[in-house]
Structure formats: C-alpha cells, structure tokens
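Here's the structure, in structure tokens; my notes come after.
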Amino acid sequence: MIEDDPAGEVAIGADVFVDDGAGLSVAVVGAGAVGATCAYDLARRGTEVTLFERGSVGSGSSGRAAGVCYDAFADRVDAEIGRESIERFRRLSGDDTFPFTECPYVWFAREGDDDVAREVSASVERMQSHGIVAVEMDGELLGDRFEALRTDDVAVAGVSGGAGYTDPGRYTACLAAAASGAGATIRTDTAVELSTDPPGVIVPGSGESEPFDAVVVTAGSHTKRLIADAGIPIPMKPYRVQALVADEPYTEPMCFDASADVYVRPHPDGLLAGDGTERVEADPDSWNRDASAGFAESVLAEVSHRFPAFDPSTVRAWAGLCTATPDGNPLVGEIEDGVFLATGFQGHGFMRAPAIGDRLARQVLGEIGIDAFDPCRFDGDESFDIVPGMTIESDS
Ligand SMILES: Cc1cc2nc3c(=O)[nH]c(=O)nc-3n(C[C@H](O)[C@H](O)[C@H](O)COP(=O)(O)OP(=O)(O)OC[C@H]3O[C@@H](n4cnc5c(N)ncnc54)[C@H](O)[C@@H]3O)c2cc1C
C-alpha cells in the first residue's frame with residue numbers, strides 16, 4: 001500500500017525513514033487513527049513496535065467518525081496541530097492510500113445569537129494571528145460565495161481553506177498497513193491489560209506481563225478504564241455523539257451552524273450531517289450504537305432549512321463515542337515512567353491524528369511533549385461536566 005525502498009531509506013511524501021528509535025521496543029494499545037499513526041511513526045524510526053487491537057483495525061470511534069478535518073482553531077497550539085495534520089493528510093493521501101478532498105470549512109452564528117456571533121468574529125481574528133487562512137463574512141457575502149446555502153439568517157461566518165474530508169476507516173487501515181510495512185507487528189482480536197513498573201502488557205489468558213521499553217495507550221474510550229486498572233487515574237469521560245448520511249448529492253462547503261449545533265459535509269453517498277452530543281458519561285463496554293429516536297428528524301430539519309433544495313430519499317444514522325476532559329484539551333504524553341497515552345479529543349481526535357501520532361512517537365523517543373496536553377496536569381479525580389466538542393473557542 002505504501003511503498004518500501006530496499007535501500008532502507010523510504011519517503012512517503014516527506015516522511016523519511018530513519019533509525020533513531022532502533023533498539024527500543026514499544027507496545028501501542030489500540031489501532032484507531034491515533035494508535036495506527038503512532039505505530040507507523042515509531043516503526044519508520046526503527047522502533048520495534050507491536051500494535052495490539054481488541055477487535056479489528058479501526059473498529060473503535062475512528063471507524064464511526066465523520067471525517068471532517070480542518071486547521072481552523074483559535075487556540076495557538078490547536079492551530080499548530082491542526083495545520084500539521086492537514087499538511088500530512090494532503091501529503092499521504094492518494095489513489096493507493098486514502099482519499100482527502102479539499103473543501104472549504106464554514107462556521108457561523110445566526111441573527112440574534114449575539115454571544116455566538118461575537119465568538120465567531122473573535123475566532124477568525126485569533127486564527128489569523130496564528131497564520132491560519134480564515135476570513136470573516138456576513139450572510140450576504142457568504143450567500144454569494146456558496147449559492148446552495150441559505151444565508152438570510154446568518155449574522156456572521158468564518159471561512160477557512162485549510163480543510164477537507166476523508167474516509168476515517170480507510171485512513172486508519174492505511175496507516176496500520178504502513179506501520180506493518182515499516183516492520184510493526186499487528187495483533188488484532190487481542191485485548192490487553194496494562195502493567196507498569198516496568199511497563200508491559202498482559203494478554204488475558206497468558207497470565208504474564210510482556211515487557212516493553214514503553215507502552216502507548218491509544219485505546220480511545222477504553223483508555224480511562226484500561227489505565228485505571230493499572231492504578232493510574234485520569235479525568236476523562238466517554239460520551240455519545242451521532243451522525244447520518246443522506247443520499248441527496250451535496251458538494252460544498254463543510255459547515256457548522258454554531259447556533260443550531262449541526263455540521264454537514266459532502267459524502268460519496270450524498271451528505272453527512274451530525275450533532276447530538278449527549279452530556280452524560282457512557283460506559284465504553286455497553287452503549288447504544290444506534291442513533292436515538294428523533295435524531296435524524298431534527299438534524300434533517302436543520303439541513304433542509306439551510307439547503308432548501310435538500311430532499312433525500314434514504315438516510316442511515318449511527319452513534320459513536322467521543323471522550324471529554326475537564327478543560328477540553330486532550331491528554332497526550334507520558335503519565336508514568338514508560339507509560340504514554342492519548343485520549344480526550346473532545347470530538348476532534350480523527351482530524352488531529354496525523355500530527356498527534358507523530359508527536360507522540362517523537363515523545364516516546366525522548367522529545368518534549370505538548371505542555372497544554374500534558375496528562376499530568378490533572379490529579380485524575382477531578383469532577384467535571386461534558387461539554388459539546390464542536391464549539392467556537394476564541395478566548396485562548
Ligand atoms: C459520529 C462521530 C463523528 C465524529 N466525527 C469526527 C470528525 O469529523 N472529525 C474528528 O476529528 N473526529 C470526529 N470524531 C471523533 C473521533 O472519532 C475520535 O476522536 C477519534 O476516532 C479517536 O481516535 P482514537 O484512535 O483515539 O480512538 P479509537 O478510534 O476509538 O481507537 C481505539 C482503539 O482501541 C481499541 N482498544 C480498546 N481497548 C483495548 C484493549 N484493552 N486492548 C487492545 N485494544 C483496545 C479499540 O477497539 C479501538 O479500536 C467523531 C466521532 C463520532 C462517534
């Protein structure tokens with residue numbers, strides 16, 4: 001899938017194969033988008049990687065994600081990670097890997113929603129100060145730019161060009177295959193437990209811990225339970241979100257109505273839309289995978305309002321899990337000697353996987369992590385409320 005070079009120096013886009021990880025053995029637990037990327041980035045640096053997955057590759061949240069990707073973040077660190085990820089999606093995508101379709105991203109507030117309108121304007125200003133290509137438009141200008149969009153009730157919008165969409169399942173499968181091509185061992189249908197001091201994993205039934213120089217836990221919504229069982233508490237809560245695909249053709253833009261809390265993107269089968277953050281903690285081993293009654297109806301009503309020509313004949317809807325933290329920032333980095341983790345992406349884990357996987361791999365090999373995402377910034381027993389992931393943040 002991704003080509004190898006017999007000379008030992010392989011480049012995928014600008015991904016060069018080096019050997020600064022040679023001699024280290026690392027277990028990555030969870031083959032979602034983040035774990036598969038991290039496994040690939042460790043393997044291409046010469047590390048001996050084993051990627052453990054309790055089901056099949058991409059069978060967690062990554063296989064249920066909407067695939068909306070953008071660098072339109074108001075916070076400086078988020079903008080940096082977003083930009084790195086978009087650049088990497090562009091570089092790695094292709095006919096033999098996974099599709100990445102460039103598509104402008106629009107977020108807006110409706111007339112009368114003054115607080116959100118202020119946030120939209122401020123977010124554009126903040127993005128521009130971080131070098132993100134984003135512009136502000138009023139409803140009239142937005143309507144001139146995107147004719148399919150009803151904009152007479154739009155107060156203010158932000159439009160960003162560093163955006164696009166992909167198939168999250170194909171991205172994850174591709175990165176896992178690339179990890180395997182770079183020498184990683186992938187063990188699917190293998191749910192492991194974590195052991196610490198020294199770091200290792202226990203394959204249930206074996207009764208023994210397999211030692212590794214480092215263990216990277218990228219187990220998505222299971223991360224808290226997995227590492228709590230090893231005596232490490234983290235403040236993270238899984239929660240349900242929902243999405244649907246309708247068979248009405250749609251081309252652009254991807255947009256987020258911040259007043260109605262609904263997003264849409266084009267999809268090979270028509271249009272994909274989502275909302276429906278449930279602000280209650282879900283059990284990662286027992287949750288409803290179907291969309292709730294009324295979800296499709298309410299989202300379709302919003303979509304029809306925004307795109308008057310919208311008239312689908314079939315709709316399929318589903319649910320999946322996202323993960324929340326007390327401050328809305330993810331937990332990425334070393335939590336205990338040789339134990340690393342990445343979770344708590346608040347609905348933005350897929351779009352950040354290309355950069356987070358790479359950053360995490362480099363951290364395992366000794367580089368400094370991302371301060372704002374340091375998992376040690378909490379005690380682990382904080383109580384907090386789940387807030388929707390897709391909000392406009394302009395104040396940091
Ligand atoms: C409906 C929906 C829409 C979304 N839309 C977007 C979007 O448009 N853009 C975006 O950026 N994000 C989106 N997200 C969020 C995104 O899906 C997640 O943030 C992202 O997929 C997290 O990736 P991950 O690799 O951390 O976790 P996951 O993909 O959940 O992977 C974790 C893996 O760990 C495995 N695992 C768990 N426990 C063990 C164990 N003990 N041993 C071995 N393996 C284990 C699981 O089986 C799973 O495969 C959406 C989510 C949903 C549900």
Side-chain angles (χ1 to χ4, degrees), residues 27-39 50-70 73 81-82 85-86 89 105 163-169 171-172 175-176 186-194 201-204 215-227 229-230 236 238-245 254 256 263-265 267 272-278 282 284-285 287 289 291 295 317-324 330-332 341-357 360 389-390:
V28 178
V29 181
V34 177
T37 309
C38 185
T50 308
L51 175 58
F52 294 94
E53 166 55 49
R54 77 199 307 251
S56 53
V57 168
S59 58
S61 298
S62 298
R64 295 178 161 259
V68 173
C69 307
Y70 50 74
F73 289 96
I81 295 294
S85 289
I86 290 291
F89 277 125
Y105 175 62
Y165 56 89
T166 183
D167 176 335
Y171 169 89
T172 306
L175 271 287
I186 302 184
R187 291 173 64 178
T188 51
D189 296 316
T190 309
V192 296
E193 291 167 24
L194 172 69
V201 299
I202 305 165
V203 178
V215 179
V216 178
V217 182
T218 51
S221 57
H222 282 96
T223 302
K224 178 167 79 172
R225 193 163 286 175
L226 188 70
I227 72 163
D229 287 347
M236 183 277 264
Y239 61 94
R240 248 170 52 101
V241 299
Q242 306 173 75
L244 62 80
V245 168
M254 300 194 293
F256 174 51
Y263 64 88
V264 303
R265 58 151 269 211
H267 186 277
L272 186 156
D275 84 336
T277 298
E278 284 183 7
D285 287 313
W287 52 281
R289 284 155 171 79
F295 161 73
W318 68 93
L321 296 182
C322 290
T323 50
L331 308 169
V332 180
L341 78 156
T343 189
F345 291 104
Q346 210 89 34
H348 295 80
F350 177 73
M351 69 177 80
R352 295 193 269 187
I356 293 290
L360 198 51
M390 286 191 86

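Just so you know, ligand 1 is whichever comes first in the structure, and atom 1 is the first atom listed for that ligand.
When the options Asp167, Leu272, Leu244 are evaluated for a side-chain contact (heavy atoms from CB on, under 4.5 Å) with His267, the one that passes is Leu272.
For the side-chain contact (heavy atoms from CB on, under 4.5 Å) test, residues two or more places apart in sequence or in another chain that qualify with Ala176 are Ala36, Val57, Ile186.
One N or O on the side chain of Thr323 and one on the backbone of Phe345 form a donor-acceptor pair closer than 3.5 Å. Within the 3.5 Å criterion, the main-chain N or O of Gly35 finds no donor-acceptor partner in the side chain of Thr37.
The shortest distance between side-chain heavy atoms of Leu360 and Thr218 falls below 4.5 Å.
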Quick one: table the atom pairs, ligand 1 N or O against protein N or O, below 3.5 Å, distance rounded to 0.1 Å.
unit_1, atom_1, unit_2, atom_2, d
ligand 1, 5 (N), Ala66, N, 2.9
ligand 1, 8 (O), Gly67, N, 3.2
ligand 1, 8 (O), Val68, N, 2.9
ligand 1, 9 (N), Val68, O, 3.1
ligand 1, 11 (O), Phe350, N, 3.1
ligand 1, 11 (O), Met351, N, 2.7
ligand 1, 12 (N), Gly347, O, 3.0
ligand 1, 17 (O), Ser61, O, 3.3
ligand 1, 19 (O), Gly349, N, 3.0
ligand 1, 21 (O), Ser62, N, 3.2
ligand 1, 21 (O), Ser62, OG, 2.9
ligand 1, 23 (O), Ser62, OG, 3.3
ligand 1, 25 (O), Ala33, N, 3.2
ligand 1, 25 (O), Val34, N, 3.0
ligand 1, 29 (O), Ser61, N, 3.4
ligand 1, 29 (O), Ser62, N, 2.8
ligand 1, 29 (O), Ser62, OG, 2.5
ligand 1, 30 (O), Ser61, N, 2.9
ligand 1, 41 (N), Val192, O, 3.0
ligand 1, 42 (N), Val192, N, 3.1
ligand 1, 44 (N), Arg54, N, 3.0
ligand 1, 47 (O), Glu53, OE2, 2.6
ligand 1, 49 (O), Glu53, OE1, 2.7
ligand 1, 49 (O), Glu53, OE2, 3.2
ligand 1, 49 (O), Gly60, N, 3.4

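Note on ring orientation: taking the six-membered ring where Trp is involved, the planes of Tyr171 and Phe350 are perpendicular (angle over 60°, cut-offs 30° and 60°).
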